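Here the structure is a predicted model, which is why all the values come from computation and not from measurement. Below, chains carry the letters A, B, ... as their sequence lines are ordered, and counting in each starts from 1.
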Number of protein chains: 2
Amino acid sequence: MVKTNLARLRELLASYMASKGLRSTEQRRLIIETFFASPSHVTIEEMRSLVRATDPRVGYATVYRTLKLLAESGVASERQFGDGLTRYELADGDAHHDHLICVECHGITEFEEPRIEKLQDEVASRHGFEVRSHKLEMYGVCAACRGARPRRTGGATP
Amino acid sequence: MVKTNLARLRELLASYMASKGLRSTEQRRLIIETFFASPSHVTIEEMRSLVRATDPRVGYATVYRTLKLLAESGVASERQFGDGLTRYELADGDAHHDHLICVECHGITEFEEPRIEKLQDEVASRHGFEVRSHKLEMYGVCAACRGARPRRTGGATP
DNA sequence: CTCATTGCAAATAATTTGCATGTAA
DNA sequence: TTACATGCAAATTATTTGCAATGAG
């Protein structure tokens with residue numbers, strides 16, 4: 001098992017901030033730790049309440065600015081699913097995951113499928129396109145909402 | 001070659017409007033025809049100017065409302081790429097296409113890759129998830145912006 | 001000390017909506 | 001006629017920004 005992704009992200013953030021001459025303030029530390037401890041795909045609104053549960057004096061704008069900082073540094077990924085809210089999640093290391101989004105319960109499930117990644121690269125190279133990032137989202141009805149159970153069709157992620 | 005997709009979409013729209021008791025007004029006809037004649041991925045702003053070039057009396061809200069109507073009827077697809085603007089394109093028939101989005105020139109290229117679609121279905125079924133729609137977007141630098149030429153790595157879409 | 005950062009409120013930006021008036025059916 | 005549509009302007013929603021006060025280095 002690899003050293004935790006979180007440790008890597010902390011280092012990444014530290015070096016980014018150092019390189020930009022950014023300061024480590026009480027608010028930033030709080031927001032960052034809160035983010036690291038949050039469930040995936042938090043909205044800014046959710047982050048704001050989580051942070052304010054600890055320190056009600058933190059302003060709205062600071063949450064926005066700090067999450068943007070996390071995204072710029074590569075520590076967080078900004079995501080937009082259809083609902084008009086921006087969500088944040090921890091950036092992946094080498095692996096990359098995508099999302100199944102339930103249109104009924106709005107639940108979000110992550111998955112990885114290396115074979116899709118490989119085909120994506122193939123498509124990109126066919127177009128002479130240099131991929132920086134990509135997203136794959138499937139919208140539909142999740143197993144729970146269908147009342148069905150997932151049927152494992154063999155081996156999952158190899 | 002199949003009968004034009006456009007004819008199918010016109011029928012789809014007509015039956016949708018009939019079923020909802022919606023009326024065919026001068027503005028709607030203008031907006032709809034303008035949309036059918038527009039390049040793919042038009043923004044609402046672009047639609048508004050195109051429409052106003054013909055009839056400056058058409059209001060902003062009517063463009064919004066009519067595009068939403070097109071999306072609801074299944075004639076158009078709403079897309080959000082990262083730039084905060086909602087774009088519309090003609091809905092696909094059976095086939096489905098995805099997008100390469102250049103982060104430098106903001107150009108959008110469409111592609112189809114049935115093998116990816118197949119793997120997506122596989123993933124979904126593994127999760128007991130019923131897919132209604134999906135989107136795959138790759139962000140990066142297009143061939144033109146790289147100064148490179150696309151290298152065709154063999155057969156394109158079979 | 002100096003300059004980045006914060007919090008607030010005001011400013012944007014994109015989209016939506018209320019309502020009086022217009023107009024298909 | 002009689003709802004549905006339209007156009008306008010005001011309202012929402014999500015996010016950004018100006019600026020004086022604060023605090024990190």
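Proximity note for A:Arg23 (side chain, C-beta onward) versus D:dT2, D:dT16, D:dG23: the nearest is D:dG23. Checking D:dG7, C:dT15, D:dA5 against the side-chain heavy atoms of B:Thr86 singles out C:dT15 as nearest. Here D:dT6 is the nucleotide among D:dA14, D:dT6, C:dT5 with the atom lying nearest to any side-chain atom of B:Thr62.
Comparing A:Gln27 and B:Ala61 along DNA chain C, the residue whose closest nucleotide (by nearest heavy atom) sits nearer the 5' end is A:Gln27. Nearer to the 5' terminus of DNA chain D, by closest-nucleotide assignment, is the contact made by B:Gly21 (compared with the other of B:Arg65 and B:Gly21).
The NZ-C1' distance, from B:Lys68 to D:dT6, rounds to 15 Å in whole Å. Atom-to-atom, CZ of A:Arg29 to C1' of D:dG25 comes out at 12 Å; the value is rounded to the nearest Å. The distance from atom OH of B:Tyr60 to atom P of C:dT16 is 11 Å, rounded to the nearest whole Å. Rounding to whole angstrom units, CG of residue B:Leu69 and P of C:dT15 are separated by 17 Å. For the pair B:Leu85 CG and C:dT15 P, the computed distance is 6 Å after rounding to whole Å. Atom CZ in A:Arg57 sits roughly 11 Å away from atom P in D:dT22 (whole-Å rounding). The separation between A:Glu72 atom CD and D:dT16 atom P is 10 Å, rounded to whole Å. Taking atom CG on B:Leu22 and atom C1' on D:dA5, their separation rounds to 10 Å, with Å as the unit.
Under the 3.5 Å distance criterion, with hydrogens and angles disregarded, a donor-acceptor pair is assigned to the side chains of A:Glu89 and A:His97. Donor-acceptor pairing under 3.5 Å is recorded for the side chains of A:Ser24 and A:Arg29.
Across A:His99, A:Glu46, A:Arg87, a single residue satisfies side-chain hydrogen bond (donor to acceptor under 3.5 Å, both in side chains) together with A:His41, and that is A:His99.
Between B:Ser24 and C:dA24 there is no side-chain N or O to OP1 or OP2 distance below 4.0 Å. Residue B:Tyr64 places at least one side-chain N or O under 4.0 Å from the OP1 or OP2 atom of C:dT15. Note on A:Arg28: a side-chain N or O is less than 4.0 Å away from OP1 or OP2 of C:dT5.
Salt bridge absent: A:Glu26 and A:Arg57 never bring a charged side-chain N and a carboxylate O closer than 4.0 Å.
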Step-by-step salt bridge (charged side-chain N to carboxylate O under 4.0 Å, His left out) determination, B:Arg146 to B:Glu104: CA-CA 10 Å; B:Arg146 292 173 68 200; B:Glu104 288 188 5; over 6 Å; no
